[in-house]
S.K.: 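Could you have a look at this structure, given as structure tokens, before my questions?
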Amino acid sequence: MTSTDVRNEAEDSGPSGYAAARLRLLTEGARSGPPRRTALAELTDDWLSGLFTAGTEMPRGASLVAVGGYGRGELSPRSDLDLLLLHDGDDPKAVAALADRLWYPVWDLGLALDHSVRTPAEARRTAGEDLKVQLGLLDARHLAGDAALTAGLRTAVLADWRNQAPRRLPELQELCVERAERQGELQYLLEPDLKEARGGLRDATALRAVAASWLADAPREGLADARRRLLDVRDALHLTTGRATDRLALQEQDQVAAELGLLDADTLLRQVYEAARVISYASDVTWREVGRVLRSRAVRPRLRAMLGGGKPAPERSPLAEGVVEQDGEVVLARAARPERDPVLPLRAAAAAAQAGLPLSLHAVRRLAATVRPLPTPWPAEAREQLVTLLGSGQPTVEVWEALEAEGLITRLLPDWERVRCRPQRNAVHIWTVDRHLIETAVRASEFTRRVGRPDLLLVSALLHDIGKGWPGDHSVAGEIIAKDVAARIGFDRADVAVLSTLVRHHLLLIETATRRDLEDPATVRSVADAVGSQSTLELLHALTEADALATGPAAWSSWRGSLVADLVKRVGAVLAGDEPDEPDAAAPTAEQERLAIEAVATGSPVLALRAQTDAPAEEPPADDPEPLGVELLIAVPDQPGVLPAVAGVLAVHRLTVRTAELRALDLPAGVEGSVLLLNWRVAAEYGSLPQAARLRADLVRALDGSLDIAGRLAERDAAYPRRRGVVAPPPRVTVAPAASRHATVIEVRAQDAPGLLFRIGRALEDEGLRVRSMHVSTLGANAVDAFYVTGAEGVPLPGDEAASVTRKLEETLRA
């Protein structure tokens, strides 16, 4: 059926015909994207025009006007109908009857309607008071009635907008900034709002308004395609959910991708991010130009008065060879020749970042159009300028984005294309892969004074996750890419080896510090063997902190920093020639010994609960996502079931386990018995911590079997209905190879939840295993726990038994 047939059906059959034609248009597979939006707008135009003229006599001095998105002819399946009934004020009663004839059929069909009834003077006055109304009227489109009335309003509104632009544009910019602060940046969000987030459809509309002011204009290249792509995604979202929503929720992304014919949800998000990046960059450039024009208008009259007329030449301050500052931007010097100077893009970028200034759009486009490729390997100046750019701190981000918007980054670093706009489906990460790499370099620039080779630190920060664009372990793939890139940009063989080591092992320190027993010599030796030298260890320490800080608030804390620093100290000693002590040599503290003796004497658990053992060397920041918290020290006579009992009691009391260590304690000479020492750090989910006496009493009951922990936790779960949310990936249980000579190390990765540690401990007990020590870590919603286990004889498990245990534990956690 053609568009004309559908429209004729709607006209012939009235509201019911319109509803049927609308449904057919939205469900037929022949049309999508702009053609469908246009057809839906035309269908709706014809229906509303019919309603307008359906009375006994043709209304005079009135017109029906589409505004906003409908005014632009862009109707998504669940879009509101934004309508203005315009009238000359001569016959209010007739206008009221006309309004009823228009609005009620729309409501009867269940369509969302945003409507108003105004005279031209009222419309202009309201627009002058309400910026959102004025923006909607800029897209006013005549539907029916007195066309001259509509045309007069359009002309007047546009004239008002242009006359008031110096006052209204800063107001519009402020609205955009406030909305971005509330909604975040579309190009990085896992569940973005396609309309309200920065770089979304609202910003695209704001750019149209700026262009209509004639004061400035947005970069046009790619902008229309970016906007169309976001509209297409919103259409698919409306169709798959059946709701008028702009938020692309995780659970709906696969369906939306399928509706658009895309491979998967990651492909969908990447297209959304690319579109948002185009709109965001265009917004940055446009608002910068608006500011420049407004400043120029404010200054020019005074200059004319001082100089006696004439237009002063803009001041140009040299920044680097071929690069100058002009009007608050970095531009190319008049004598610059990009076609003869392949280093110029990096030199201009480094100069801009160092000066904290934006690169002008004209300069970047000229560079992209004319510059020659760099030779391989790069000349020393190019490498130095790249390092200078990366080491410039926060200004690096805006300059890098300007280069990337015109394709210069992928020309310099072809491997960048695979990570560009690549989403990271991990709640800990707040950036896409490419932005995370730049943020890591920004963080690393703060640590350049504490390493001997800041250039290697900054380049490793840029490349550490470059392997995420390839299948398999991104650290392994990244090592190969880093070798190639480092050689291409001119590092010598020794530096290439260091960079590839840093990329290969960029997770080594944080994973070892939080998941391994640092008292075990095998742990420290394995890190020392991987790192190889003190200088590389120094760089890896700084890279680890920069990477974690650039990941998100949940990835770094005072506690994790202290664990990594402890590991670095131990590894440094080994690299200096000192051998680590065997774990049995570690002596208990005086307090641990006191608790252990008391536990043996009483035959029952003894615990201490307090803020922390020692004052930290420096006060942790107030916004530390994982403060040192509350230390729970428990001494228990060695017996089966200690781990699930303690974990279960804490879960019953709604205490979150931040970190947990468990080990057997050597008692002083003359004291008989065996004691387990648990040194845990806990925090209340909400409210205050329970009293130590209550915890001890429940722990005694849990150990003697009189406290039904599993039943208590099940009752609590049943009392709270499960909320709809993100479907977590299944748990994964593995054996860490060669992690310890004294025990088998079982790693558990799962969704963090109350009672998780209790379930793990009970499953290990059921298998007859002894937990020698354990290390619990939580990253966002993900628990990553390591358990050093032995058989009843106190030796590591044989390979087949270890595999069987991990398989059963994984099945238990999946159940």
Side-chain angles (χ1 to χ4, degrees), residues 61-74 79-92 95-96 98-99 102-103 112-182 195-196 200-218 283 286-287 289-298 301:
S63 66
L64 185 61
V65 184
V67 298
Y70 182 28
R72 294 188 294 274
E74 297 170 344
S79 289
D80 292 357
L81 296 183
D82 295 331
L83 294 170
L84 166 64
L85 180 54
L86 197 63
H87 65 98
D88 58 13
D90 287 347
D91 192 347
V95 170
L98 176 59
L102 289 167
W103 308 153
L113 176 64
D114 188 354
H115 62 91
S116 58
V117 180
R118 294 185 177 115
T119 65
E122 289 170 342
R124 291 177 68 186
R125 184 167 60 251
T126 305
E129 297 167 354
D130 189 331
L131 181 58
K132 293 180 180 178
V133 172
Q134 188 159 40
L135 294 176
L137 287 174
L138 291 178
D139 291 309
R141 181 169 59 86
H142 181 72
L143 295 180
D146 189 343
L149 197 64
T150 304
L153 177 64
R154 274 186 53 84
T155 301
V157 166
L158 283 170
D160 290 344
W161 178 244
R162 287 161 188 158
N163 291 333
Q164 298 166 9
R167 176 175 61 86
R168 304 305 303 260
L169 286 182
E171 185 183 348
L172 176 57
Q173 184 180 13
E174 188 176 336
L175 280 179
C176 292
V177 171
E178 290 174 356
R179 189 176 64 251
E181 290 173 353
R182 288 195 316 271
K195 188 174 185 179
E196 301 292 339
L201 294 168
R202 286 268 192 222
D203 279 340
T205 301
L207 292 178
R208 288 169 58 91
V210 175
S213 74
W214 292 353
L215 202 66
D217 198 5
S283 297
T286 301
W287 288 120
E289 177 65 10
V290 168
R292 188 192 66 77
V293 171
L294 293 180
R295 286 192 303 272
S296 174
R297 286 189 171 191

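Both backbone and side-chain heavy atoms feed into the values below; hydrogens, waters and symmetry mates do not. On a predicted model such as this, the values are computed, not experimentally measured, just so you know.
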S.K.: Specify the closest pair of heavy atoms between Arg297 and Pro166, including all atoms of both residues, with the distance to one decimal.
M.R.: NH1-CG, 3.7 Å

S.K.: Got a second to check how far Leu102's CG is from Leu85's CG, nearest 0.5 Å?
M.R.: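 These two atoms lie 6.0 Å from each other.
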
S.K.: What's the shortest heavy-atom distance between Leu84 and Ser116, and which atoms?
M.R.: CD1-OG, 3.3 Å

S.K.: Apply side-chain contact (heavy atoms from CB on, under 4.5 Å) to the pair Gln134 and Glu129, showing each step before the final yes or no.
M.R.: CA-CA 9 Å; Gln134 188 159 40; Glu129 297 167 354; over 6 Å; no

S.K.: To the nearest 0.5 Å, what is the distance between OG on Ser283 and CD on Gln173?
M.R.: 10.0 Å

S.K.: Between CZ of Arg202 and CG of Leu207, what distance do you get to the nearest 0.5 Å?
M.R.: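 Output value for this atom pair is 13.5 Å.
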
S.K.: Determine whether more than 12 heavy atoms belonging to other residues, nucleotides or ligands lie under 6.0 Å from atom CZ of Arg118.
M.R.: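 For Arg118, atom CZ is crowded (more than 12 foreign heavy atoms under 6.0 Å).
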
S.K.: Checking Asp130 side chain against Thr126 main chain: does a donor-acceptor pair fall under 3.5 Å?
M.R.: no

S.K.: Would you compute the distance between atom OG of Ser213 and atom CG of Asn163 and round it to the nearest 0.5 angstrom?
M.R.: 11.0 Å

S.K.: To the nearest 0.5 angstrom, please state how far the NZ atom of Lys195 sits from the CG atom of Asp203.
M.R.: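 One gets 12.5 Å once the value is rounded to the nearest 0.5 Å.
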
S.K.: If we ignore hydrogens and angles and just use 3.5 Å, is the side chain of Trp161 paired with the main-chain N or O of Ala209 as donor and acceptor?
M.R.: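 Confirmed, Trp161 side chain pairs with Ala209 backbone.
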
S.K.: Is there side-chain contact between Leu175 and Leu131, with at least one heavy-atom pair below 4.5 Å?
M.R.: yes

S.K.: Using the rule side-chain contact (heavy atoms from CB on, under 4.5 Å), only one of Asp146, Leu98, Leu143 pairs with Leu64; which is it?
M.R.: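 By the side-chain contact (heavy atoms from CB on, under 4.5 Å) criterion, Leu64 pairs with just one of Asp146, Leu98, Leu143: Leu143.
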
S.K.: Apply side-chain contact (heavy atoms from CB on, under 4.5 Å) to the pair Leu153 and Arg124, showing each step before the final yes or no.
M.R.: CA-CA 8 Å; Leu153 177 64; Arg124 291 177 68 186; 4.1 Å; yes

S.K.: Is the backbone N or O of Gly128 less than 3.5 Å from a side-chain atom of Arg168, with the two atoms forming a donor-acceptor pair by type?
M.R.: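 Indeed, once roles are kept as given, a pair shorter than 3.5 Å links the two residues.
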
S.K.: Determine the minimum heavy-atom distance between Cys176 and Trp287, stating which atoms define it.
M.R.: SG-CZ2, 4.3 Å

S.K.: Between Arg179 and Glu196 (side chain of the first, backbone of the second, donor and acceptor by atom type, cut-off under 3.5 Å), is there such a pair?
M.R.: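 Checked: pair present.
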
S.K.: Side-chain contact, heavy-atom cut-off 4.5 Å: Val210 with Leu215?
M.R.: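 Not in contact.
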
S.K.: So, for Ala165 and Pro170, which heavy atoms are closest and what is the spacing to 0.1 Å?
M.R.: O-CD, 3.9 Å

S.K.: I want to check something: taking the side chain as every heavy atom from C-beta on, are Asp217 and Thr286 in contact at a cut-off of under 4.5 Å?
M.R.: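 No, every pair of side-chain atoms sits at 4.5 Å or beyond.
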
S.K.: Tell me, do Leu137 and Arg154 make a side-chain contact under 4.5 Å, heavy atoms counted?
M.R.: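 Heavy-atom side-chain distance check fails, nothing below 4.5 Å.
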
S.K.: Is there a side-chain contact between His87 and Val117 (heavy atoms, below 4.5 Å)?
M.R.: yes

S.K.: Could you check Leu169 against Gln164 for side-chain contact (heavy atoms from CB on, under 4.5 Å), going step by step and ending with a plain yes or no?
M.R.: CA-CA 8 Å; Leu169 286 182; Gln164 298 166 9; over 6 Å; no

S.K.: Looking only at non-hydrogen atoms, find the nearest pair between Ala212 and Leu158 and report the distance.
M.R.: CB-CD2, 4.5 Å

S.K.: Can you name the closest pair of heavy atoms from Pro120 and Leu149 and give their distance?
M.R.: CG-CD1, 3.9 Å

S.K.: Mind checking the CG-NZ spacing from Leu172 to Lys132? Nearest 0.5 Å is all I need.
M.R.: 11.0 Å

S.K.: For residues Leu81 and His115, determine if any side-chain heavy atom of one lies less than 4.5 Å from a side-chain heavy atom of the other.
M.R.: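 Sidechains of His115 and Leu81: no contact.
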
S.K.: Could you tell me whether the side chain of Asp114 reaches within less than 4.5 Å of the side chain of Leu83, counting heavy atoms only?
M.R.: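 A side-chain contact is absent here, since even the closest heavy-atom pair is not under 4.5 Å.
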
S.K.: Could you check whether any side-chain heavy atom of Val65 comes within less than 4.5 Å of a side-chain heavy atom of Ser63, counting everything from C-beta outward?
M.R.: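 Side chain of Val65 against side chain of Ser63, heavy atoms only: contact under 4.5 Å found.
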
S.K.: Determine whether Tyr70 and Asp80 satisfy the following criterion, side-chain contact (heavy atoms from CB on, under 4.5 Å), listing intermediate values before the conclusion.
M.R.: CA-CA 8 Å; Tyr70 182 28; Asp80 292 357; over 6 Å; no

